[in-house]
Amino acid sequence: MPELPEVDAVRRQLAPVMRGARFDRVLVRRKDLRRPFPKHFSDRLKGRTVRNVTRRGKYLLADLSSDETLLMHLGMSGSFAVARRHGSSRSSNSAGPHDHVVFGMSSGATITYNDPRRFGVMDLVPTRSLDHHLSRIGPEPLSSEFNAASLAKACAGRRTSLKAALLDQRVVAGLGNIYASEALHLARLSPRRPASTLATPSGEPRESARRLAAAIKTVLRRAIERSTARAYRTSRFRVYDRAEEGCQTPRCPGTIRRITQAGRSTFYCPVCQK
DNA sequence: ATTGAGACCTGTCGGC
DNA sequence: TGCCGACAGGTCTCAA
C-alpha cells in the first residue's frame, strides 16, 4: 500500500505510540530486508527516545534522542501493526510469517513490521546528515517548492515519457504507479507524451505543467483525506485498474486502456488525455 | 548522463 | 484440486 498518501497514513498510525516513547525491546528476526540492517541496529535503538515521526517522500523518519534518525521505507508490501499494552493481539513471541522487526515501546505499544516481499528498508543515519541521505529526492508535492515551474524544469530536455518522469523520485517525491496514472488523467495529459513537452525550449512551464502540478496536488490531497476519513473500503481509483471501463471525465465517451511503460502498467483514456 | 530491462522477493488470481 | 504464468502500490544495478 505504499505511495505518499499511504505512507503518511502509516506515519499518523505510528506517531501517537512512538513520539515521546523509548525503545524498550527491539527484535530483528532476520539479517536483511532489501538491504542488510545497519550494524548494531537493536543496540542503537534501545533506550533511545523518539522525538518525532515525519515523512519525506515515501520514507518514514523517526528522529531519535541519540541524534540519529531511523529511516524506514515500506517497499511494495511493508506494513506496521500496533498493539497497545503488552501485545494484546500480536506479541513478539507469536510472530507471523513475515514479521521481521518488533519494537517494544515504553508507551506500552508493540509495533510489528511485516513485509512479505522484503523490498522495504530500515536504516539508521546521523540526523545531521539526513539531508545528504535524502538529497536525491525531489520536492514534496504538497509543498510550495513543488509547482508548475519546478515540475517543468525537472522535465525539461528529458526524452522519457511523462509517466516515467512522474515515477522518478527526483522529479517529485512520493508518486507511485497509481497516483501517477491518476494525476495524468485528472490533468488530461497522455502518459505517453514526452516529458520535455511540459516546458518551453527555455525551460518555462507550459499550460500543461500547470495542470499537471495542480492535478498531482489534488489527487494526493484527496487520497490523504480519504485515508483520514477512513469511511471507505478499498475505494477504487478513476483510472487505475479500470481497463475497458468508461472514462469518468465528464462527457468523455472514452474507454480506459492499459498499456505498459517502463515495465509498469499505465491506465489512461486515449480520448481525453492528450 | 539517460534510459529501459532485469533483478530482488512472496503472494494471489485466473486459466487450463 | 493442482499447477503455471502473469501480475502486484518500489527501487537498485547494469548495459546500451
Side-chain angles (χ1 to χ4, degrees), chain A residues 1-11 13 29-37 55-61 71-80 95-101 113-123 133-138 141 153-185 191-199 203 216 219-220 222-224 226-227 232-244 256-268:
Chain A
M1 50 180 243
E3 296 183 37
L4 186 150
E6 294 77 27
V7 175
D8 206 65
V10 173
R11 184 191 64 74
Q13 171 193 21
R29 309 187 59 251
R30 51 176 300 123
K31 66 180 193 317
D32 58 10
L33 295 173
R34 186 157 59 74
R35 306 196 310 238
F37 286 96
R55 177 193 59 70
R56 178 77 173 89
K58 296 173 193 168
Y59 286 90
L60 289 163
L61 311 169
L71 195 146
M72 298 170 282
H73 194 292
L74 302 172
M76 292 277 260
S77 58
S79 66
F80 286 95
H98 303 290
D99 292 346
H100 306 307
V101 183
Y113 179 71
N114 181 284
D115 188 353
R117 295 178 75 177
R118 303 203 301 274
F119 289 167
V121 171
M122 286 206 191
D123 203 356
H133 281 271
L134 300 173
S135 61
R136 296 166 56 92
I137 299 180
K153 190 175 173 192
C155 289
R158 296 192 55 156
R159 310 238 85 140
T160 190
S161 68
L162 209 40
K163 166 74 178 330
L166 292 185
L167 291 183
D168 186 337
Q169 301 298 296
R170 294 169 300 183
V171 171
V172 55
L175 279 189
N177 205 38
I178 291 180
Y179 295 110
S181 279
E182 295 295 312
L184 286 165
H185 181 253
R192 325 173 74 135
R193 168 202 275 258
S196 59
T197 61
L198 292 188
I216 288 168
V219 159
L220 294 178
R222 280 183 191 158
I224 290 173
R226 262 188 328 200
S227 67
Y232 71 109
R233 301 262 316 153
T234 329
S235 86
R236 296 181 64 206
F237 305 96
R238 302 265 183 109
V239 285
Y240 185 83
D241 204 21
R242 285 189 182 275
E244 308 312 316
I256 305 305
R257 299 293 182 209
R258 173 185 182 279
I259 61 172
T260 299
Q261 292 181 291
R264 322 284 311 273
S265 290
T266 298
F267 297 86
Y268 80 113

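The sequence lines fix the lettering, A, B, ..., with proteins before strands; numbering per chain opens at 1. Here the structure is a predicted model, which is why all the values come from computation and not from measurement. Just so you know, these numbers use all the heavy atoms, side chains as well, and skip hydrogens, waters and symmetry mates.
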OH (A:Tyr179) and NE2 (A:His185) are apart, to the nearest 0.5 Å, by 15.5 Å
Here the distance between atom C1' of C:dG10 and atom CZ of A:Arg136, to the nearest Å, is 15 Å
CZ (A:Phe119) and NE2 (A:His73) are apart, to the nearest 0.5 Å, by 12.0 Å
**Asked** Taking the same atom, P, in B:dA5 and in C:dC7, what whole-Å distance lies between them?
**Response** 14 Å
| message | I'd like the P distance from B:dG6 over to C:dA6, given in whole Å. | response | 13 Å
Re B:dC9: Watson-Crick or G-U wobble partner, both distances kept under 3.5 Å, found to be none
Rounded to the nearest 0.5 Å, the CD atom of A:Glu3 sits from the CG atom of A:Leu74 at a distance of 12.0 Å
A:Phe119 CZ to C:dG9 P, in whole Å, measures 11 Å
Taking only side-chain N and O atoms of A:Ser77, does any of them lie within less than 4.0 angstrom of OP1 or OP2 on C:dG10? no
Determine: side-chain N/O of A:His73 to OP1/OP2 of C:dG10, distance under 4.0 Å, yes or no.
-> no
DNA chain C nearest-nucleotide lookup for A:Arg35 and A:Arg117: closer to the 5′ end is A:Arg117
By nearest-heavy-atom nucleotide on DNA chain B, the more 5' of A:His98 and A:Ser161 is A:Ser161
Compare side-chain N and O positions of A:Lys58 against OP1 and OP2 of C:dG9 and report whether any pair is under 4.0 Å apart. no
The reported gap from CD in A:Glu6 to NZ in A:Lys58 (rounded to nearest 0.5 angstrom) is 9.5 Å
A:Met76 atom CE is separated from C:dA6 atom C1', nearest whole Å, by 13 Å
* At under 4.0 Å between heavy atoms, what does A:Arg158 touch on the DNA or RNA strands: base, sugar-phosphate, or nothing? -> sugar-phosphate
Rounded to whole Å, the CD-P distance (A:Gln169 to C:dG9) equals 14 Å
Sorted by chain and residue number, the side-chain hydrogen bond (donor to acceptor under 3.5 Å, both in side chains) partners of A:Arg257 (sequence neighbours excluded) come out as A:Glu244
* Distance, P atom - from C:dG5 to B:dA7, rounded to whole angstrom -> 16 Å
Bounded by its outermost nucleotides with an atom under 4.0 Å from a heavy atom of chain A, the footprint on DNA chain B reads B:dT3 to B:dG11
Rounded to whole Å, the CG-P distance (A:Leu74 to C:dT11) equals 10 Å
Answer whether the closest heavy-atom distance between the side chains of A:Val10 and A:Ser79 falls below 4.5 Å. no
pair A:Thr266-A:Val239: side-chain heavy atoms closer than 4.5 Å = no
In whole angstroms, the gap separating C1' of C:dG9 from CG of A:Leu175 amounts to 12 Å
note: A:Leu60, atom CG; C:dG10, atom P; distance rounded to Å ~ 14 Å
By the Watson-Crick or G-U definition, both distances under 3.5 Å, C:dG9 is matched with none
- Query: Could you walk me through whether A:Leu184 and A:Tyr268 pass the side-chain contact (heavy atoms from CB on, under 4.5 Å) check?
  - Reply: CA-CA 8 Å; A:Leu184 286 165; A:Tyr268 80 113; over 6 Å; no
Here the distance between atom P of C:dG10 and atom CG of A:Leu167, to the nearest Å, is 7 Å
